[in-house]
Every structure is written in C-alpha cells, then in structure tokens.
Amino acid sequence: MFNEKILKLAEECEKELAPIYADIDKIAFKNTEKVMSIFRENRLSDRHFNSTCGYGYNDDGRDLCDKMFAEAFGAEAGFARSQIISGTHALAIALYGLLRPDDTMLSVSGKPYDTLDNVIGLGGSDKNGEGSLMEYRVNYRQIDLVNGNTLNMAEIEKTLSDDKTIKVVFVQRSKGYGDRRTLTVAEINALFDLVRKFDGVYMVVDNCYGEFCEDEEPKGDLLVGSLIKNAGGGIAETGGYIVGTKRAVELASYRLTVPGIGLEAGASMGATKPMIKGLFFAPHITAQAIKTAHFAAAMFEKLGFECNPASKERRSDIIQVIRLHNAENVLKFCAGIQKGSPVDSFVTPEGWEMPGYNDSVVMAAGAFTQGSSIELSADAPLREPYLVYMQGGLTYESGKLGILTAVSEMLGE
C-alpha cells in the first residue's frame with residue numbers, strides 16, 4: 001500500500017520515539033489505575049446502567065456517573081450529561097452559570113477558541129450579540145500569553161487587584177486555532193493558587209483535548225470538556241462534563257436545567273453506560289491519540305515541515321499542529337487523513353462555512369461518531385499561516401495508517 005521510502009521513514013520515526021511511547025504507557029497505566037479504583041470504591045454495578053425516562057428522579061446510575069467523573073478529575077462535585085451537545089455548550093453552561101450583569105470575564109490565555117466568540121459576543125456572524133454574555137451586560141477582558149507561550153502571572157494579579165468586577169478567570173488549556181504551546185497542569189494549578197487569593201472570583205478551565213494526557217488533572221472551580229473528545233474514550237457518542245467546587249457546580253447545574261432542580265432531574269435514556277464505559281477507556285484511548293500525534297510530528301519534521309509540539313516534546317493535549325505553508329497542502333493533507341479513515345474514506349473534504357467559525361474550514365473526520373475529536377481527524381481554517389490541526393486515533397495502528405496515507409497523498413506517491 002505504501003512505498004518503501006515512506007515505510008522506511010516510519011520505521012526510523014518509531015525507533016526514535018520508543019522511549020517516549022514507554023512514558024506515555026506509564027501515564028496511561030496510572031490514570032487507568034485511578035479510574036479502576038473509583039469504579040471499585042463506588043461499587044459500580046450492572047443496575048447503574050438501567051435507563052430512566054420522564055423527569056428521571058432517583059436515577060442512581062446518572063448520579064453515580066456524575067460522582068465518578070468528578071472523582072476522576074479530583075473535584076468536589078460535577079456532572080456528565082448526554083444533554084450537553086458539545087464542549088462549547090458545556091463552556092457556555094459554566095459561564096452563564098457563574099456570570100451576572102456587570103460582572104467581567106477575564107480570559108488569561110488570550111482569545112478563546114473561535115466557537116466561543118458568539119457566546120461571549122465577539123463573533124462576526126450576522127446574529128452576533130443575540131443571547132451572548134455581552135447582551136446580558138457581562139464585560140470581557142483579555143490578557144495575552146507572554147510571547148504567545150506562558151501565562152502573564154504578574155499582569156493577571158495586577159488586573160485582579162485593580163478590577164473588582166472580575167467574577168470569572170477563564171483559561172484555555174489547549175491551543176485552539178492558535179500556534180501556541182499548550183498549558184501544562186502545573187501552570188494551570190499555579191494560576192488557580194493565584195486566583196484563590198481573590199474572594200468571589202471563580203476560575204473556569206477549558207480542559208478540552210487535555211484530559212488524561214498527564215497523570216493528574218488541573219485545579220479549577222470548574223473544569224469543562226466534551227465527551228466526544230478524550231474523556232469519552234471513543235465510546236460516548238455525545239455529551240459533556242463539568243466538574244469542580246461544590247458551589248460552582250451547583251450554579252452551573254441551574255443553567256443545565258433550572259434553578260431549584262439542578263442535578264436532581266434529567267432522564268438518562270440509556271446514555272449512562274456509554275459515558276461510564278467511555279471513562280473506563282479514556283486513559284488508554286488518550287494514550288493512543290498522543291502516540292499518533294508524536295508519530296505525525298516525527299514524520300512531517302523529516303519531510304521538512306514545522307510542527308508544534310515538536311516530535312520529542314512532552315504533551316499536555318492530543319492536538320498536533322503542522323505548518324503546511326499553503327492551502328493546497330492543507331487540502332491534500334486532509335484528503336489523506338479522510339482516505340485513511342474507517343468511515344467515509346471515499347469522501348474528499350473541502351472548505352466550507354461551518355457554523356460557529358469566522359473562516360472557511362476544512363475538516364477530515366472519517367469517524368464513527370460525528371465530530372469526534374478523539375478519533376483521527378484533522379481540521380484547518382483556510383487562512384494564513386495555513387496550520388492544520390490533527391488529533392485523535394482510537395488505536396495507534398489505525399492512527400499510523402492515517403498519517404501514512406496523508407504523507408502519501410501530499411507526496412503524490
């Protein structure tokens with residue numbers, strides 16, 4: 001299927017990456033051990049997979065699922081629900097739950113991911129502002145990363161001291177559609193310790209793409225993510241999670257449902273089992289995706305392309321950025337990823353005006369679950385500097401095949 005040149009290049013990459021793969025396996029083992037302990041201590045049973053309907057009162061499986069997700073992230077409380085349609089939806093629930101008119105949201109990792117533009121009120125759509133935080137008189141401020149890489153702790157502390165309207169400090173762990181370094185758990189924990197000095201200020205962490213990449217999760221009043229990314233383990237077919245401090249989770253739960261009910265209702269409709277099973281698989285599947293990202297970086301570095309992170313660099317998320325220089329390369333790469341996917345391999349992806357984005361976006365995603373980022377996928381806004389964002393890989397073997405197909409497509413071989 002692949003010529004000798006490409007196969008030899010792949011063999012070289014894997015030999016160089018062997019020590020890194022061993023470290024990834026150690027992290028996966030530690031995280032799996034943690035999840036298994038949570039399952040045992042909570043006496044998970046077959047009865048917890050029973051479906052409920054209607055109001056869903058006294059749904060033991062749903063409540064235990066909430067509890068185990070919270071514990072897996074080292075949080076006081078939390079919930080994981082199939083009614084959450086995406087990571088952006090989960091983030092919106094968190095932000096609307098905590099912020100009130102005349103409060104200020106302070107983003108300390110620069111501008112958030114594109115899909116939050118219309119939630120905040122920064123977007124360029126025709127309906128920009130309708131239903132946004134800004135329409136509810138919530139102010140927005142932003143502090144950029146120092147040299148695009150590290151949190152500006154001195155500026156953050158000064159801003160928090162000077163502006164008493166700040167209610168939420170928002171930090172995005174992953175790079176989104178940027179070219180910056182992903183923030184580590186240690187960096188986010190240091191930020192949380194700083195925010196803790198200011199009474200009445202909550203810290204919200206966009207944890208998407210970062211779950212189980214390190215051997216612990218970051219601290220925050222709310223950690224937020226999607227179940228069709230790392231935390232769902234490739235099993236959950238929809239949903240999201242919000243975990244954190246008891247009070248912050250309670251406020252978020254009032255936006256998930258309504259005040260006075262919060263987490264006490266909401267029928268599981270058979271969704272509890274795939275979410276819990278996804279949590280079981282999540283450490284291992286995340287490790288497969290990280291190995292795939294390392295392999296992709298190694299291959300494309302040898303072909304002369306700049307990669308972020310570099311192939312030997314430690315990872316705090318599953319995203320691999322490759323600078324491809326022009327739109328033609330981006331389209332060929334995405335075509336190769338699609339061709340190397342298990343579903344819709346015969347489809348050629350093209351750029352389109354995707355809802356929530358301000359530029360034409362090309363997406364390769366031959367996934368079993370639509371939009372699943374833990375399955376091998378690649379997407380890119382068709383704009384300079386023509387960066388492609390690759391992530392996922394349910395198995396390293398299938399991820400490797402996808403990368404080799406993308407290389408073949410780009411080289412015309």
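This structure is a prediction, so every number in the text was calculated from the model and none was measured. FYI, side chains are in, hydrogens and waters are out, and symmetry mates aren't considered; it's all heavy atoms of this structure.
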Does Ile374 form a side chain to side chain contact (heavy atoms under 4.5 Å, CB included) with Ile228? I'd like the steps, not just the answer.
CA-CA 6 Å; Ile374 194 60; Ile228 60 170; over 6 Å; no
List the steps, then state whether ring pair (Phe, Tyr, Trp, His ring centres under 6.0 Å) holds for Phe212 with Phe73.
CA-CA 9 Å; Phe212 302 109; Phe73 289 93; 5.8 Å; yes
Take Arg315 and Gln320, measure what side chain to side chain contact (heavy atoms under 4.5 Å, CB included) needs, and give me the verdict at the end.
CA-CA 9 Å; Arg315 308 294 169 115; Gln320 180 61 56; 2.6 Å; yes
Before you tell me yes or no, could you show the steps for Arg247 and Tyr202 under side chain to side chain contact (heavy atoms under 4.5 Å, CB included), namely the whole-Å CA-CA distance, both residues' side-chain angles and the distance that decides it to 0.1 Å?
CA-CA 10 Å; Arg247 177 56 177 162; Tyr202 296 101; 3.8 Å; yes
Show, in sequence, the C-alpha distance, side-chain angles and deciding distance for Lys175 and Asp317, and conclude whether the side chain to side chain contact (heavy atoms under 4.5 Å, CB included) test is met.
CA-CA 9 Å; Lys175 56 184 62 62; Asp317 72 358; 3.7 Å; yes
Start with the C-alpha gap between Gln391 and Tyr389, add the side-chain angles, then the distance that decides, and say whether side-chain hydrogen bond (donor to acceptor under 3.5 Å, both in side chains) holds.
CA-CA 7 Å; Gln391 56 271 317; Tyr389 298 80; over 6 Å; no
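Under the 4.5 Å side-chain criterion, counting only non-hydrogen atoms from C-beta, Phe79 is not in contact with Cys65. Contact of the Met153 side chain with the Val108 side chain is not registered, since no non-hydrogen atoms from C-beta on lie closer than 4.5 Å. Within the 4.5 Å cutoff, the side chain of Phe39 has heavy atoms near those of the Val35 side chain. Side-chain contact between Thr238 and Leu227 is absent, with no heavy-atom pair separated by less than 4.5 Å. The shortest distance between side-chain heavy atoms of Leu145 and Leu151 falls below 4.5 Å. Inter-residue side-chain proximity for Tyr140 and Ser132 is flagged as unmet; no heavy-atom pair is nearer than 4.5 Å. Using a 4.5 Å cut-off on side-chain heavy atoms (C-beta onward), Ile337 and Glu409 make no contact. Using a 4.5 Å heavy-atom cutoff, the side chains of Glu217 and Val243 are not in contact.
Glu135 places a side-chain N or O within 3.5 Å of a backbone atom of Gly131 that can act as its donor or acceptor partner. Checked by atom type and distance alone, the side chain of Arg173 pairs as donor or acceptor with a backbone atom of Gly210 at under 3.5 Å. Side-chain atoms of Ser51 come within 3.5 Å of backbone N or O of Gly270 as a donor-acceptor pair. Between the side chain of Asn31 and the main chain of Glu214, a donor-acceptor pair closer than 3.5 Å is present. The closest donor-acceptor contact from the side chain of Asn230 to the backbone of Thr286 lies at 3.5 Å or more, if one exists at all. Within the 3.5 Å criterion, the main-chain N or O of Ser45 finds a donor-acceptor partner in the side chain of His48. Counting only distance, with no hydrogens or angles, the side chain of Asn326 and the backbone of Asn329 share a donor-acceptor pair below 3.5 Å. Within the 3.5 Å criterion, the main-chain N or O of Ile85 finds a donor-acceptor partner in the side chain of His89. Side-chain atoms of Ser107 come within 3.5 Å of backbone atoms of Gly110 as a donor-acceptor pair (strictly under, hydrogens ignored). Not one N or O on the side chain of Gln172 forms a donor-acceptor pair closer than 3.5 Å with the backbone of Ser109.
Partners of Ser268 under the side-chain hydrogen bond (donor to acceptor under 3.5 Å, both in side chains) rule, at least two apart in sequence or in another chain, are Thr52, Asp59. With sequence neighbours left out, the salt bridge (Lys or Arg N to Asp or Glu O under 4.0 Å) criterion links Arg181 to Glu187.
Interatomic distance, CD of Gln338 versus CG of Leu376, reported as 9.5 Å (0.5 Å rounding). One finds the NZ atom of Lys67 at 3.5 Å from the CG atom of Asn42 (value rounded to the nearest 0.5 Å). Distance check, rounded to the nearest 0.5 Å: CG of Asn139 to OG1 of Thr165 gives 5.5 Å. Annotation: the span from Leu17 atom CG to Lys291 atom NZ amounts to 10.5 Å, rounded to 0.5 Å. Annotation: the span from Gln370 atom CD to Glu375 atom CD amounts to 11.5 Å, rounded to 0.5 Å. Atom-to-atom distance recorded for Leu91:CG and Tyr113:OH is 11.5 Å, nearest 0.5 angstrom.
Other residues, nucleotides and ligands contribute only 12 or fewer heavy atoms inside 6.0 Å of the CG atom of Asn58. Heavy-atom neighbours of Glu155 CD from other residues, nucleotides or ligands within 6.0 Å: above the threshold of 12. Applying the 6.0 Å contact sphere to CE of Met134 captures more than 12 heavy atoms from other residues, nucleotides or ligands. In Glu397, the CD atom is crowded: over 12 heavy atoms of neighbouring residues, nucleotides or ligands sit closer than 6.0 Å. Summarising the local packing, NZ of Lys277 is surrounded by 12 or fewer heavy atoms from other residues, nucleotides or ligands at distances under 6.0 Å. Heavy atoms from other residues, nucleotides or ligands lying under 6.0 Å from NZ of Lys219 number more than 12.
Taking both residues in full, the closest heavy atoms of Asp144 and Gln142 are given as OD1-NE2, 2.9 Å, listed atom of the first, atom of the second, then distance. Summarising the geometry of Leu382 relative to Ala327, their closest heavy-atom pair is CD2-CB, 4.5 Å, with the distance given to 0.1 Å. Of all heavy-atom pairs spanning Ala94 and Val204, the tightest one is CB-CG1, 4.4 Å. Closest heavy-atom contact between Ala287 and Ile24: CB-CG2, 3.6 Å. Between Ala380 and Val388, the shortest heavy-atom contact is CB-CA, 3.8 Å. The heavy-atom pair separating Glu264 from Tyr57 by the smallest distance is O-CD2, 3.4 Å.
Taking a cutoff of 4.0 Å between a charged side-chain nitrogen and a carboxylate oxygen, Glu250 and Lys246 do not qualify as a salt bridge. Using a 4.0 Å cut-off between a side-chain N of Lys or Arg and a carboxylate O of Asp or Glu, Glu301 and Lys312 do not qualify as a salt bridge. Comment: Asp221 engages Arg196 in a salt bridge, judged by a side-chain N to carboxylate O separation of less than 4.0 angstrom. One finds no salt bridge joining Lys34 and Asp215 here, because no Lys/Arg side-chain nitrogen approaches an Asp/Glu carboxylate oxygen to under 4.0 Å. Using a 4.0 Å cut-off between a side-chain N of Lys or Arg and a carboxylate O of Asp or Glu, Asp179 and Arg323 qualify as a salt bridge. Between Arg47 and Asp60 a salt bridge is recorded (basic side-chain N to carboxylate O distance below 4.0 Å).
With Val201 as the fixed residue, the side-chain contact (heavy atoms from CB on, under 4.5 Å) test singles out one of Val169, Leu194, Leu98, Val168: Val169. With His325 as reference, Phe305 is the one residue of Phe300, Tyr386, Phe333, Phe305 to meet the ring-ring contact (aromatic ring centres under 6.0 Å, His included) rule. Here the options are Asp103, Asp162, Asp163, the test is salt bridge (Lys or Arg N to Asp or Glu O under 4.0 Å), and the partner is Arg141; only Asp163 passes.
No donor-acceptor contact under 3.5 angstrom links the side chains of Thr182 and Ser316, judged on distance only.
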